[in-house]
> 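Here's a structure for you.
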Amino acid sequence: QVQVAESGGGSAEAGGSLRLSCKISGYTETNSCMGWPRQAPGQAREVVATLDNDGDSKVADSVKGRFTIARGNGKLTLVLKMNNLKPEDTAMYYCAADEWVGLCYAWQRSGEFAHWGQGTQVTVTS
């Protein structure tokens with residue numbers, strides 16, 4: 001049974017920073033994709049960033065230069081470092097993983113991520 005648990009959400013002022021962490025267990029990372037989809041009320045789900053098993057990362061244009069995806073201090077720990085936060089970053093952030101690495105390069109199919117956390121809320125105030 002794959003377990004996904006993200007944490008680190010909360011409130012931050014515009015221009016501030018937050019660090020989200022995700023721990024995945026019961027998961028085979030070979031040929032895999034892990035990432036951070038987010039969703040705000042009334043908005044479509046948006047993939048913020050992904051990281052594949054080779055360490056190749058992609059970041060959405062909307063957060064480019066501000067957000068960074070990386071491995072945490074464990075093999076199956078994923079981190080999203082968010083700097084220079086903007087109010088429009090307010091959303092529920094999910095950690096998601098899939099055993100198909102191709103999903104990191106097919107964000108339009110993000111709904112196919114097999115494993116999801118319950119989400120952590122990020123609220124950015126102006």
Side-chain angles (χ1 to χ4, degrees):
Q1 182 70 250
V2 176
Q3 302 286 341
V4 182
E6 60 271 81
S7 61
S11 297
E13 297 180 6
S17 300
L18 286 172
R19 179 182 183 272
L20 306 185
S21 296
C22 174
K23 185 176 181 180
I24 307 172
S25 61
Y27 175 73
T28 301
E29 66 176 326
T30 302
N31 203 38
S32 67
C33 175
M34 298 182 289
W36 293 94
R38 70 182 182 185
Q39 189 164 25
Q43 302 294 320
R45 181 175 55 232
E46 176 188 29
V47 177
V48 173
T50 53
L51 182 72
D52 71 15
N53 58 285
D54 289 328
D56 293 326
S57 64
K58 292 184 178 295
V59 179
D61 289 342
S62 59
V63 301
K64 189 176 298 181
R66 301 187 297 115
F67 289 13
T68 302
I69 188 170
R71 291 280 191 178
N73 56 11
K75 290 184 178 180
L76 294 180
T77 301
L78 191 67
V79 172
L80 183 68
K81 299 177 180 178
M82 304 184 293
N83 296 317
N84 192 23
L85 285 162
K86 301 177 179 180
E88 53 262 43
D89 294 321
T90 297
M92 183 72 73
Y93 285 71
Y94 297 91
C95 181
D98 199 275
E99 292 84 356
W100 177 49
V101 68
L103 207 56
C104 279
Y105 306 94
W107 286 10
Q108 74 278 11
R109 300 173 65 177
S110 63
E112 297 179 23
F113 273 112
H115 316 292
W116 293 75
Q118 64 180 356
T120 185
Q121 178 69 38
V122 170
T123 302
V124 183
T125 59
S126 58

> Over all heavy atoms of both residues, which pair between A96 and F113 is shortest? Give the atoms and the distance, please.
CB-CG, 3.6 Å
> Counting heavy atoms not belonging to Q118, are there more than 12 under 6.0 Å from its CD?
no
> When rounded to the nearest 0.5 angstrom, what is the spacing between CG in D54 and SG in C104?
10.0 Å
> Identify the heavy atoms of Q39 and Q43 that sit nearest to each other, and give their distance.
NE2-O, 3.2 Å
> Determine the minimum heavy-atom distance between G111 and R45, stating which atoms define it.
CA-NH2, 3.1 Å
> Would you say C22 and V4 make side-chain contact, with heavy atoms under 4.5 Å?
yes
> Once you round to the nearest 0.5 Å, how far does OG1 of T28 lie from CG of N53?
11.5 Å
> Taking the side chain as every heavy atom from C-beta outward, state whether Y27 and S32 have any atom pair closer than 4.5 Å.
yes
> Tell me the ring-ring contact (aromatic ring centres under 6.0 Å, His included) pairs involving residues 44-86, sequence neighbours left out?
none
> Determine whether a donor-acceptor pair (N or O, by modelled atom type, separation under 3.5 Å) exists between the side chain of R66 and the backbone of S62.
yes
> Could you check whether any side-chain heavy atom of Y93 comes within less than 4.5 Å of a side-chain heavy atom of L80, counting everything from C-beta outward?
yes
> Would you say R38 and V63 make side-chain contact, with heavy atoms under 4.5 Å?
yes
> Starting from L18, can I reach I69 by hopping between I/L/V/M/F/W/Y residues whose side chains sit under 4.5 Å apart?
yes
> If Ile, Leu, Val, Met, Phe, Trp and Tyr residues are connected whenever their side-chain heavy atoms lie under 4.5 Å apart, and connections chain through other members, are W116 and V2 in the same group?
no
> If you take all heavy atoms of L20 and V122, which pair is closest and at what distance?
CD2-CG2, 4.1 Å
> When you measure from the side chain of D98 to the backbone of A114, do you find a donor-acceptor pair of N or O atoms at a distance under 3.5 Å?
yes
> Would you list the pairs meeting side chain to side chain donor-acceptor pair (under 3.5 Å) in which at least one residue belongs to residues 2-18, sequence neighbours left out?
S17-N83
> Do D56 and L51 touch side chain to side chain, with heavy atoms closer than 4.5 Å?
no
> How close do S21 and V79 get, heavy atom to heavy atom, and via which atoms?
OG-CG2, 4.2 Å
> Quick one: CE on M82 to CG on D89, what's the gap to the nearest 0.5 Å?
7.5 Å
> What I'd like to find out is whether the side chain of T68 reaches to under 4.5 Å of the side chain of V59, using heavy atoms alone.
no
> Go through the steps to decide whether V47 and Q108 satisfy the test side chain to side chain contact (heavy atoms under 4.5 Å, CB included), and finish with yes or no.
CA-CA 9 Å; V47 177; Q108 74 278 11; over 6 Å; no
> Is there a side chain to side chain contact (heavy atoms under 4.5 Å, CB included) between L78 and W36? Walk through the geometry before answering.
CA-CA 9 Å; L78 191 67; W36 293 94; 3.4 Å; yes
> T120 and G8: which non-hydrogen atoms are nearest, and at how many Å?
OG1-N, 4.1 Å
> Is any side-chain heavy atom of M34 less than 4.5 Å from a side-chain heavy atom of I24?
yes
> Do the charged groups of D52 and K58 touch, with an N to O distance under 4.0 Å?
no
> Report the distance from atom CD of E46 to atom OG of S110, rounding to the nearest 0.5 Å.
10.0 Å
